[in-house]
Amino acid sequence: MVKKIGVLTSGGDCAGLNAAIRAITCRAIQTYGWHVVGIHNGTTGLIIRPLDYRHLTIESCNSMMMRSGGTMLGSTNKHDPFNFPDAQGNQTDRSQDFIEGYHELGLDALVGIGGDGSMRVLWHLAQQGNLNLVTIPKTIDNDLGHTESAIGYPTAVEVATEALDRLQPTAASHRRVMILEVMGRDAGHIALSAGIAGGADIILIPEIPYSLDKISHKISSLADLGKTFALIIVAEAVKTEDGEPVVLSREGNRPRYGGVSHYLAEKISESTGAEVRVMVLGHVQRGGQPCAQDRILASAFGVHAVDLIADNKFDRMVAWHNRRVEDVPIADAIKQFQEVDTQGAMVRTARGLGIFLGD
Ligand code: F6P
């Protein structure tokens, strides 16, 4: 029986998505002789009419694709099929259109590559329409439960580490306090890992409340030790000292974080007299070439996702665990928000190196 499978990328883009699409295509065509269809712009390609998709072939998925950033299929973190915006700006439930689109295209199964929000939506669609779904975790935030890593996270950490590498000499040359603000939504994984790898003096993450007094004291004590500059890395969702979130805007219930580094800069400059500069790294963390670890993760996830379909195993998310690719129920994965374990290895490592975590 010749199968036809669809693949879509949903939510914020990140490095490694094309590597996953390539792996899915290679495995499905070369090993199983299936047809592969790439759905455009997340779930939107199956909602609108005419359907928006392209056929994926071995030729269209060469190794150049693995090296490229973004997603060749397009993505969106706005078009929720259950609240889909129409031309007038009203929101309607288009879930049934998505389900009919899946059948109209003759799909036997769908591989959804997404983070927690996208995966939740896909899972509800699959439940409602009895669709055959497997998912692949991608998120630079690395906040999904039941997997140790997700596509995009390793590259985001690399980029943030490189930013610290580049900020260090200029901070040292000018004897400044340099604050790097990184993404990660409500989890501090990027800040913590990049802070360790990039030699930060202070790492601030949402999971650990901080004291401005203690931060000032740390900066002064670095000066007492003869260190003429300080590197601080802060996760975007860190709040003000009295617990106010710092947001650029709100889209429904979803805050767009950004700007806490400016708040900290003002406070630190007032209390220490240091010259402080800020860099908000933003979307650079999502773009560019995927690092080797992301290509490996994406390739392993893509192959395993297709093998799950071949075994008729659905409603599963592929996962990285103990050096192995495994799979877990999607329903479990979306239930668990994976914040930084404040007693875990990374926090202990940072503290062990003398990095100040604000508390
Ligand atoms: O979830 C990924 C992420 O990059 C977050 O780290 C960040 O807060 C958010 O998406 C930015 O979203 P947008 O691309 O809509 O600005």
Side-chain angles (χ1 to χ4, degrees), residues 8-18 20 41-44 69-71 73-80 83-85 112-122 135-145 147 149-163 180-195 203-207 233-239 244-263 278-288 290-291 294 297-298 317 333-334 336-340:
L8 62 81
T9 50
S10 181
D13 75 308
C14 62
L17 292 174
N18 287 332
N41 304 321
T43 48
T44 308
T71 162
L73 297 176
S75 192
T76 173
N77 56 8
K78 306 243 166 356
H79 293 176
D80 172 358
N83 293 291
F84 197 82
I113 310 173
D116 61 337
S118 307
M119 229 178 267
R120 192 166 292 117
V121 164
L122 287 169
T135 59
I136 293 179
K138 71 87 213 163
T139 163
I140 66 164
D141 308 333
N142 206 24
D143 56 358
L144 261 164
T147 182
S149 194
I151 297 173
Y153 173 65
T155 302
V157 172
E158 288 281 340
V159 173
T161 302
E162 189 189 342
L180 175 68
E181 179 176 322
V182 295
M183 284 183 165
R185 289 203 68 77
D186 298 296
H189 297 289
I190 298 176
L192 183 57
S193 292
I203 301 175
L204 301 176
I205 57 175
E207 294 85 348
I233 186 166
V234 57
E236 61 179 357
V238 164
K239 297 182 171 140
E244 283 301 311
V246 185
V247 300
L248 293 169
S249 62
R250 284 185 188 276
E251 286 152 5
N253 286 336
R254 187 175 181 271
R256 266 188 70 219
Y257 292 119
V260 66
S261 50
H262 292 283
Y263 161 83
V278 160
M279 189 200 173
V280 181
L281 200 51
H283 292 79
V284 208
Q285 291 157 99
R286 298 203 329 215
C291 67
D294 257 324
L297 204 56
M317 178 190 85
I334 57 180
Q336 192 187 331
F337 169 67
Q338 191 66 57
E339 60 182 4
V340 169

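Each residue takes its place number in the sequence, starting with 1. Counting starts at 1 for both ligands and their atoms, following the listed order. In this text, all values refer to a predicted model and were calculated from it rather than measured experimentally.
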Do any pairs count as a side chain to side chain donor-acceptor pair (under 3.5 Å) and have a residue in residues 150-163, sequence neighbours left out, and if so which ones? Y153-S193, T155-D294, E162-R166

Let me check something: any side-chain donor-acceptor pairs from residues 248-255 under 3.5 Å, sequence neighbours excluded? List them with distances.
none

Might you list the protein residues in contact with ligand 1, defined as having a heavy atom under 4.0 Å from one of its atoms, sorted by chain and number? N77, I140, D141, M183, G184, R185, E236, R254, R256, H283, R286

Derivation of the side-chain contact (heavy atoms from CB on, under 4.5 Å) call for H189 and V340: CA-CA 6 Å; H189 297 289; V340 169; 3.6 Å; yes

Residue list, side chain to side chain donor-acceptor pair (under 3.5 Å) with S10, at least two apart or on another chain: S118

Check: P137 and M119 side chains under 4.5 Å, non-hydrogen atoms: yes

Is M183 close to I140 at the side-chain level, that is, under 4.5 Å between some pair of heavy atoms? yes

